[in-house]
Amino acid sequence: MREMEQRALSYLGRNPILCMDMVEALRRGDGVVSAVRMDGVLIQVPRSGAYMLAAGDAAAAGALGGLIRGARQLAVHDRENARLLQDELGFRDLMECRAAAYVNPFPPGGRGFDLREVKLLGPEREDALMECFPGEFDRDELRERLTAGAVHGVLRRKEPQGVVGIYPEGGIGMLAVRQDLPEGEAAELLGGLVAYITGWCLENCLAPYVHIPVEDEGLLLLYEQAGYTVCEKNMYWLG
């Protein structure tokens, strides 16, 4: 492993749940260390045009932020640093998230849901997914994720019932079920999809992690019930 990556992982290891996204980006080979200091790390994910930044204070965040060029999104692992970089770099949107990761080596159970129902979905499902889950997905992002083999779902009578996937940066997301499902069936399907994708990550030697918007308490509870560990400190996506 290159020296810069070793130094970056050493710094990020101080808070492994919060910085699991950055650690996994490097471990999976999707991220590149743009800069590393004693008090911070900046990683670029070329596939998505995103950057990830962890810094000990505003001075380090400002110095690392000055190296960012043409970022579509930026993940920042501290509130004050996120506010600073939002202003300095001109990002319009800020999403506060809870960082959670599954650290158990054994996958969670489906709690009555047959995990064998979940299948890998291909590009041919693009139109059906856009129709069945209106407003859930950006079509270009969905197409790229389907082509990458990163979207899984449940089909019944050839109709998508629920989906879950992996974002280009490595986090679990794209979780959705049909709005016309009965409440109990929807809850069972959501829990089953989370259990499935967690197990899929483990089978493929990937650390399962997720960023959950702070306002979505139901989603947070879903991942906690699946056995995810939630970091006490929040992280932020700028876009």
Side-chain angles (χ1 to χ4, degrees), residues 4-5 7-27 30-45 48-103 138 141 166-175 207-239:
M4 285 184 66
E5 289 187 2
R7 291 171 56 201
L9 291 171
S10 177
Y11 180 84
L12 299 171
R14 301 175 188 179
N15 199 331
I17 301 298
L18 180 67
C19 297
M20 184 67 74
D21 54 346
M22 299 179 72
V23 171
E24 277 294 283
L26 295 179
R27 196 179 68 82
D30 295 325
V32 178
V33 179
S34 295
V36 58
R37 303 162 41 115
M38 293 292 293
D39 52 3
V41 177
L42 177 66
I43 291 173
Q44 181 183 13
V45 183
S48 66
Y51 282 79
M52 299 173 175
L53 185 149
D57 55 32
L64 292 171
L67 303 175
I68 294 174
R69 298 290 183 273
R72 294 180 56 189
Q73 293 179 302
L74 172 62
V76 185
H77 298 72
D78 177 86
R79 178 193 296 270
E80 297 306 318
N81 291 343
R83 294 293 187 187
L84 170 70
L85 293 171
Q86 182 182 22
D87 293 338
E88 289 192 354
L89 300 178
F91 285 103
R92 294 193 305 272
D93 302 321
L94 182 149
M95 181 171 65
E96 184 175 4
C97 296
R98 303 298 302 276
Y102 190 83
V103 297
D138 173 81
E141 182 179 54
I166 304 292
Y167 286 123
E169 296 78 28
I172 294 172
M174 307 178 74
L175 179 65
Y209 75 88
V210 61
H211 295 155
I212 304 166
V214 292
E215 66 272 11
D216 200 335
E217 295 181 358
L219 188 60
L220 176 64
L221 178 61
L222 180 66
Y223 278 97
E224 287 181 323
Q225 290 174 337
Y228 278 68
T229 299
V230 182
C231 183
E232 296 181 358
K233 186 177 181 180
N234 294 346
M235 60 83 59
Y236 303 81
W237 275 99
L238 306 181

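- Contact of the Arg37 side chain with the Tyr11 side chain is not registered, since no non-hydrogen atoms from C-beta on lie closer than 4.5 Å.
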Result block: side-chain N/O donor-acceptor pairs under 3.5 angstrom for residues 214-232, not counting sequence neighbours:
unit_1, atom_1, unit_2, atom_2, d
Asp216, OD1, Leu219, N, 3.1
Tyr228, OH, Thr198, OG1, 2.6

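- Rounding to the nearest 0.5 Å places CZ of Arg79 at 4.5 Å from CD of Glu96.
- Note that CG of Leu238 is 9.0 Å distant from CZ of Arg83, once rounded to the nearest 0.5 Å.
- Note: Arg69 CZ to Leu67 CG = 6.5 Å, rounded to the nearest 0.5 Å.
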Run the side chain to side chain contact (heavy atoms under 4.5 Å, CB included) test on Asp30 and Glu169 for me, step by step, so that the C-alpha distance in whole Å, both residues' side-chain angles and the decisive distance to 0.1 Å come before the verdict. CA-CA 7 Å; Asp30 295 325; Glu169 296 78 28; over 6 Å; no

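- Every residue meeting the side-chain contact (heavy atoms from CB on, under 4.5 Å) condition with Asn81, not counting sequence neighbours, appears here in chain and number order: Ala55, Ala58, Ala61, Val76, Asp78.
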Side-chain donor-acceptor distances from residues 84-91 under 3.5 Å, at least two apart:
unit_1, atom_1, unit_2, atom_2, d
Gln86, NE2, Arg92, O, 3.4

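- Contact between Ala99 and Met235 at its shortest, heavy atoms only, is CB-CG, 4.2 Å.
- Between Ala101 and Met20, the closest heavy-atom pair is CB-CE, 4.0 Å.
- Side chains of Leu12 and Ile43 form a contact here, defined as non-hydrogen atoms less than 4.5 Å apart.
- Within the 4.5 Å cutoff, the side chain of Val23 has no heavy atoms near those of the Pro16 side chain.
- Taking 4.5 Å as the limit, some side-chain heavy atom of His77 sits within range of a side-chain heavy atom of Cys19.
- Once rounded to the nearest 0.5 Å, the distance linking OH of Tyr209 with CD1 of Ile166 reads 8.5 Å.
- Interatomic distance, Glu5 CD to Leu26 CG, rounded to the nearest 0.5 Å: 5.5 Å.
- Gln44 approaches Ser34 most closely through the heavy-atom pair CB-OG, 3.6 Å.
- Pairing each heavy atom of Ala8 with each of Val33, the nearest pair is CB-CG2, 4.1 Å.
- Taking CZ of Arg98 as the reference point, atom CG of Asn234 lies at 5.0 Å (rounded to 0.5 Å).
- Between Val36 and Arg7, the shortest heavy-atom contact is O-NH2, 3.4 Å.
- Aromatic ring orientation, His211 versus Trp237: tilted (interplanar angle from 30° to 60°).
- Considering all non-hydrogen atoms of both residues, Pro168 and Ser48 come closest at CB-CB, 3.8 Å.
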